[in-house]
Amino acid sequence: MLTSADLAAISLSLRLAATVTLLLLLLGTPLAWWLARTRSWWKRPVTAVVALPLVLPPTVLGFYLLVAFGPFGLVGRLMDSIGLQLLPFTFTGLVVASMLYSLPFVVQPLQNAFEAIGERPLEVAATLGAGPLDRFFSVAVPLARRGFVTGGVLGFAHTIGEFGVVLMIGGNIPGETRVVSVQIYDYVEAFQYDQAHGLAAVLLASSFLTLLVLYAINPRPHGW
């Protein structure tokens, strides 16, 4: 039986995942397009930076973000100088940290989808008089729709299951930064395995259904 604290953690996790996914689709699309099209020397280092969260331990990323966002970090001092609230232990901080941690799960499927389009459809559109923006929105985006679906689903599901990064940046504030994974951790620490099992089962079932829906609507997701 889920408690009110469980429901609050689920609600917060869903709000966090929806916000992060929407922002990553908006900001990650031009980045993925550039990575798919550019021949610049910078492509390799930028690709490595985007993929870094795939291999970096979440606690390491969370620690460096906590230092950077803190009162003595570069980002913290900048935000303090312009009168903005520091990011650690806030919902906004969770959003920023989760965007960095989930970045490859959205950008890489989009990049693969854009690369799969090839040059021919864009060249045909150009010969018909379509400008760069028109070619992108009228040709590239519709042809890359599977990449958008895959990136959105993976970004949402990955953000829901975060633990190390959100614990380092958000802490454990009920109703503000305590997400589902942290709530499960609290139950385990308190030896309340029945409560932990109930909440973990919800995550397990939702993750399975998410992947089931993803493979049903997109049997060959780009890059995954």
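Each residue takes its place number in the sequence, starting with 1.
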Original post:
Below 6.0 angstrom between ring centroids: does that apply to Y185 and F163?
Top reply: yes
**OP:** Show your reasoning for whether side chain to side chain contact (heavy atoms under 4.5 Å, CB included) applies to L35 and V46.
**Re:** CA-CA 8 Å; L35 288 172; V46 172; 3.8 Å; yes
Original post:
Do you know the tightest heavy-atom contact between G151 and V106?
Top reply: O-CG2, 3.4 Å
**OP:** Determine, stepwise, if the pair I10 / L199 fulfils side chain to side chain contact (heavy atoms under 4.5 Å, CB included).
**Re:** CA-CA 9 Å; I10 292 174; L199 199 51; 3.9 Å; yes
**OP:** Could you tell me the separation between the CG atom of L12 and the CG atom of L7, rounded to the nearest 0.5 Å?
**Re:** 12.5 Å
**OP:** Look up atom OG1 in T177 and atom CZ in F91, then write down how far apart they are to the nearest 0.5 Å.
**Re:** 10.5 Å
**OP:** Any chance you could measure S102, atom OG, to L24, atom CG, to the nearest 0.5 Å?
**Re:** 6.5 Å
Original post:
Can you find a pair of side-chain heavy atoms, one from I184 and one from L203, that are under 4.5 Å apart?
Top reply: yes
**OP:** Mind checking the CG-CD1 spacing from L143 to I117? Nearest 0.5 Å is all I need.
**Re:** 5.0 Å
**OP:** Could you list who else is in V124's hydrophobic cluster, with ILVMFWY side chains joined at under 4.5 Å, directly or through other members?
**Re:** L128
**OP:** Could you please spell out the steps behind the side chain to side chain contact (heavy atoms under 4.5 Å, CB included) verdict for L31 and V50?
**Re:** CA-CA 10 Å; L31 174 60; V50 170; 3.9 Å; yes
**OP:** Identify the two heavy atoms, one from A126 and one from R135, that lie closest to each other, and give their separation to 0.1 Å.
**Re:** CB-NH1, 3.6 Å
Original post:
Hey, what's the ring geometry for F114 with F136, parallel, tilted or perpendicular (30° and 60° as the breaks)?
Top reply: tilted
**OP:** Mind listing the closest non-hydrogen atom pair of S13 and V179 along with its distance?
**Re:** OG-CB, 3.3 Å
Original post:
Q195 versus D6: any side-chain heavy-atom pair under 4.5 Å?
Top reply: yes
Subject >> Closest non-hydrogen atom pair, A36 against E115 >> reply: CB-CG, 3.5 Å
Original post:
Hey, are T90 and Q85 close enough side-chain-wise for a donor-acceptor pair under 3.5 Å?
Top reply: no
**OP:** Please check if the distance between the ring centroids of Y101 and H158 is under 6.0 Å.
**Re:** yes
Subject >> Rounded distance (nearest 0.5 Å) linking atom CZ of F89 with atom CG of N172 >> reply: 10.5 Å
**OP:** Work out which heavy atom in V165 is nearest to a heavy atom in P58; give both atom names and the distance.
**Re:** CG2-O, 3.3 Å
**OP:** Could you go through the side chain to side chain contact (heavy atoms under 4.5 Å, CB included) check for Y187 and T3 one step at a time?
**Re:** CA-CA 12 Å; Y187 282 139; T3 65; 3.4 Å; yes
Original post:
Does V49 sit in a hydrophobic cluster with other residues, and if so which ones, taking ILVMFWY side chains as linked at heavy-atom separations under 4.5 Å, directly or through other members?
Top reply: none
Subject >> Separation between CD1 of I169 and OG of S98, rounded to the nearest 0.5 Å >> reply: 9.5 Å
